[in-house]
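Structure record follows, encoded as structure tokens.
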Amino acid sequence: YAVVAMQKNDPVLYEDALTHINQALSIDGKYHRAFMIKQHLRALLLQDPVEAIIHDLDAYFIPLLESLEKDKVAGYHLYRGMINLHYDCFDDAIIDYENALSNGYDPIVGKLNLAIAKYHTSIAGIPRDQRILLPSIKMKPMLEAEKILIDIIRTVKGNPDSVAIMQHA
């Protein structure tokens, strides 16, 4: 339910989703994905400063990282990246997304997230209503984002399952 609420990008559903997540965690305190989703919901609701949310996420996961499967480690870095991105901590988000990819996170989705973070780095500080007027952007991260997107397109175009890959992403 919580993931659907986040995918619908409907803040009205976030509080209810948080209630469901808390219930799930009361049943199983080791439900790692639920804990990650809870931290992401806290970020979306702007309940706490980013430092507090990242601290809680790190305090929960760092002691477990060596014992977790790689996909859960990748998920930890992904959610860390999404939280940092939501709070405009773009450099931290880039590091987190790179760590997610190096731990085996889906290469297409992971690279899309990385490209988004690099794009945001390139336009940081430019008001939304001025981005279309050819503002002065940071070119290096913009070119890095472009390179990542071109790599994704080439990867997908060369794959016979390209439609399924893009639907998944």
Side-chain angles (χ1 to χ4, degrees), residues 2-9 11 14 17-18 21-22 24-25 29-126 128 131 137-156 165-166 168-169:
V3 173
V4 171
M6 290 186 304
Q7 287 173 342
K8 288 186 174 196
N9 197 24
Y14 295 166
L18 195 55
I21 287 292
N22 285 329
L25 287 168
K30 294 183 179 185
Y31 186 4
H32 305 312
R33 185 152 190 251
F35 189 83
M36 291 185 284
I37 293 168
K38 177 181 178 175
Q39 304 319 306
H40 191 203
L41 281 167
R42 285 175 60 201
L44 293 173
L45 289 165
L46 299 172
Q47 286 186 335
D48 296 294
V50 66
E51 297 83 8
I53 296 171
I54 293 295
H55 172 270
D56 291 351
L57 192 62
D58 288 350
Y60 179 92
F61 276 99
I62 287 176
L64 302 173
L65 287 178
E66 298 215 4
S67 64
L68 291 175
E69 299 89 15
K70 251 186 142 175
D71 66 319
K72 287 188 176 60
V73 174
Y76 155 73
H77 289 292
L78 174 77
Y79 275 91
R80 216 174 176 282
M82 290 188 298
I83 292 164
N84 276 315
L85 186 68
H86 188 71
Y87 280 93
D88 296 343
C89 301
F90 305 125
D91 292 337
D92 291 335
I94 288 168
I95 292 167
D96 293 325
Y97 291 143
E98 288 171 341
N99 285 333
L101 285 163
S102 71
N103 279 286
Y105 193 75
D106 181 287
I108 302 297
V109 177
K111 287 179 182 178
L112 282 171
N113 285 322
L114 183 58
I116 289 167
K118 288 188 179 272
Y119 167 77
H120 281 287
T121 300
S122 73
I123 62 167
I126 300 170
R128 289 187 188 273
R131 292 180 188 165
I137 63 170
K138 296 174 193 143
M139 286 305 295
K140 185 177 184 229
M142 182 63 81
L143 293 172
E144 290 170 351
E146 178 189 43
K147 183 179 179 210
I148 293 167
L149 293 171
I150 289 169
D151 179 51
I152 292 170
I153 291 166
R154 286 186 180 136
T155 300
V156 172
I165 290 169
M166 289 311 292
H168 171 73

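Values reported hereafter were calculated over all heavy atoms of this structure, with side chains retained and with hydrogens, waters and symmetry mates removed. Just so we're clear, the structure is a prediction, and the values are computed from it rather than from any experiment.
The closest side-chain heavy-atom distance from F61 to D56 is not below 4.5 Å. Using a 4.5 Å heavy-atom threshold, the side chains of M142 and I123 count as touching. Counting heavy atoms from C-beta outward, L18 and Q47 have side chains that approach closer than 4.5 Å. Residues I37 and Y79 have side chains in contact (heavy-atom distance under 4.5 Å, counting atoms from C-beta outward). D96 has its side chain out of reach of L78: every pair of non-hydrogen atoms, C-beta onward, lies at least 4.5 Å apart. Contact check for H86 versus L46: side-chain heavy atoms found under the 4.5 Å cut-off. Side chains of E144 and K140 form a contact here, defined as non-hydrogen atoms less than 4.5 Å apart.
Applying the salt bridge (charged side-chain N to carboxylate O under 4.0 Å, His left out) criterion to D151, with sequence neighbours excluded, gives K111. For N22, the side chain to side chain donor-acceptor pair (under 3.5 Å) test picks out K38, with sequence neighbours left out. When the side-chain contact (heavy atoms from CB on, under 4.5 Å) test is applied to P107, no partner is found at least two apart in sequence or on another chain. Under the salt bridge (charged side-chain N to carboxylate O under 4.0 Å, His left out) criterion, D48 pairs with R42, sequence neighbours left out. The side-chain contact (heavy atoms from CB on, under 4.5 Å) check on H55 picks up A59, with sequence neighbours excluded. For K70, there are no salt bridge (charged side-chain N to carboxylate O under 4.0 Å, His left out) partners, not counting sequence neighbours.
Y97 and D92 are not linked by any side-chain donor-acceptor pair at a separation below 3.5 angstrom, with hydrogens and angles left out of the test. Judged purely by distance below 3.5 Å, without hydrogens or angles, the side chains of Y76 and D58 pair a donor atom with an acceptor atom.
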Hey, mind stepping through L112 and L149 against side-chain contact (heavy atoms from CB on, under 4.5 Å) and telling me if it holds?
-> CA-CA 7 Å; L112 282 171; L149 293 171; 3.9 Å; yes
Given the rule in the side-chain contact (heavy atoms from CB on, under 4.5 Å) test, do H32 and L64 qualify, once you have shown the distances and angles that lead to the verdict?
-> CA-CA 10 Å; H32 305 312; L64 302 173; 3.6 Å; yes
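Between F35 and Y60, the angle of the ring planes stays under 30°, which puts this pair in the parallel group of the 30/60° scheme.
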